[in-house]
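Remember, predicted model here, so these are calculated numbers, not experimental data.
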Amino acid sequence: QEQLVESGGGSVEAGGSLRLSCAASGFTSSRYSVAWFRQAPGKGREGVAAIDRVGTIKYRDSVKGRFTISQDKDKSTLYLQMNSLKAEDTGMYYCAATYGGNWGSRIFFTSIYKFWGQGIQVSVSS
């Protein structure tokens, strides 16, 4: 049974850094895409960074140059290094995964992801 468990969230002042981790288990194939999403209070869930099944990386424009997505070689853990954090980065962060597909521009569509973590809070004070 596929499972994703996030860790590493917390509170930080603007300009600070946090590193999120997502432990993946139970996947029957290594050919899956992974992503980080976030959801601010009263807003929809939005894609932040993703790695598709062939290793192509995509970032949301607002986090380019500040956030870095990576994963262990065996894909057991997904990371999101967040630097130069801003108040607008505040929200619940979720890791997500889905098998197969050449998602292209749909890589940030929540509907394509079958597996989700429980979410972890990131709070940035200005």
Side-chain angles (χ1 to χ4, degrees):
Q1 181 177 356
E2 296 85 350
Q3 189 174 17
L4 300 169
V5 180
E6 301 98 336
S7 61
S11 298
V12 65
E13 292 185 352
S17 298
L18 283 173
R19 189 193 197 202
L20 304 183
S21 299
C22 174
S25 61
F27 286 82
T28 57
S29 167
S30 63
R31 297 179 67 79
Y32 57 89
S33 301
V34 290
W36 288 98
F37 286 78
R38 68 186 180 190
Q39 187 166 15
K43 295 188 177 181
R45 196 169 295 189
E46 61 185 24
V48 175
I51 305 176
D52 72 12
R53 65 171 183 161
V54 296
T56 303
I57 292 176
K58 182 176 179 179
Y59 294 99
R60 181 176 195 82
D61 285 346
S62 62
V63 307
K64 285 180 181 177
R66 301 188 297 121
F67 290 12
T68 302
I69 188 173
S70 62
Q71 62 186 152
D72 288 346
K73 193 172 184 180
D74 63 358
K75 293 192 172 183
S76 61
T77 308
L78 177 69
Y79 303 98
L80 185 67
Q81 177 67 43
M82 304 186 292
N83 299 328
S84 302
L85 282 161
K86 304 176 180 180
E88 51 263 43
D89 295 318
T90 293
M92 189 71 76
Y93 281 68
Y94 300 87
C95 64
T98 192
Y99 289 114
N102 294 309
W103 306 112
S105 61
R106 293 179 294 158
I107 196 71
F108 283 159
F109 284 23
T110 56
S111 58
I112 70 168
Y113 290 91
K114 183 176 181 181
F115 309 105
W116 291 86
Q118 79 285 358
I120 194 162
Q121 181 67 37
V122 171
S123 298
V124 184
S125 57
S126 57

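At least one donor-acceptor pair under 3.5 Å links the side chain of Glu6 to the backbone N or O of Gly119. One N or O on the side chain of Thr98 and one on the backbone of Ile112 form a donor-acceptor pair closer than 3.5 Å. In this structure, Arg60 contributes its side chain and Gly47 its backbone to a donor-acceptor pair below 3.5 Å. With Asp52 contributing its side chain and Gly55 its backbone, the two residues share a donor-acceptor pair below 3.5 Å. Without hydrogens or angle criteria, Asp74 side chain to Ser76 main chain gives a donor-acceptor distance under 3.5 Å.
How far CG of Leu18 is from CD1 of Ile120: 9.5 Å, rounded to the nearest 0.5 Å. One distance of note links CG of Leu80 with OG1 of Thr68; it measures 8.0 Å at 0.5 Å rounding. Note: Glu13 CD to Leu85 CG = 11.5 Å, rounded to the nearest 0.5 Å. Going from atom CZ of Arg38 over to atom CE of Met92 covers 14.0 Å, rounded to the nearest 0.5 Å. Here CD of Gln81 is found 12.0 Å from CZ of Arg66. Values are rounded to the nearest 0.5 Å. The OG atom of Ser30 sits 12.5 Å away from atom NZ of Lys73, with the distance rounded to the nearest 0.5 Å.
With sequence neighbours left out, the side chain to side chain donor-acceptor pair (under 3.5 Å) criterion links Ser17 to Asn83. Listed by chain and number, the residues in a side chain to side chain donor-acceptor pair (under 3.5 Å) with Ser70 amount to none (sequence neighbours excluded).
The shortest side-chain heavy-atom distance between Asp89 and Val122 does not fall under the 4.5 Å cut-off. At least one side-chain heavy atom of Thr90 sits less than 4.5 Å from a side-chain heavy atom of Gln121.
Evaluation of the ring pair (Phe, Tyr, Trp, His ring centres under 6.0 Å) test over residues 53-93, restricted to residues two or more places apart or in two chains, returns none. Counting only residues at least two apart or in different chains, disulfide (SG to SG under 2.5 Å) contacts with residues 9-95 comprise Cys22-Cys95. Under the disulfide (SG to SG under 2.5 Å) criterion, no residue pair touches residues 31-67, with sequence neighbours excluded. A ring pair (Phe, Tyr, Trp, His ring centres under 6.0 Å) check over residues 25-47, counting only residues at least two apart or in different chains, returns the pairs Phe27-Tyr32, Phe27-Tyr99, Phe27-Phe115, Phe37-Tyr113, Phe37-Trp116.
Taking every heavy atom of both residues into account, Val48 and Val63 meet most closely at O-CG2, 3.6 Å. The shortest non-hydrogen separation linking Leu4 to Ala97 is CD1-N, 3.8 Å. The shortest heavy-atom contact between Ala14 and Ser126 is CB-CA, 4.1 Å. Residues Arg53 and Ser33 share a closest heavy-atom pair of N-OG, 3.1 Å.
Using a 4.0 Å cut-off between a side-chain N of Lys or Arg and a carboxylate O of Asp or Glu, Asp61 and Lys64 qualify as a salt bridge.
Note on Val5: it does not cluster hydrophobically with Leu20, by side-chain heavy-atom contacts below 4.5 Å among ILVMFWY residues.
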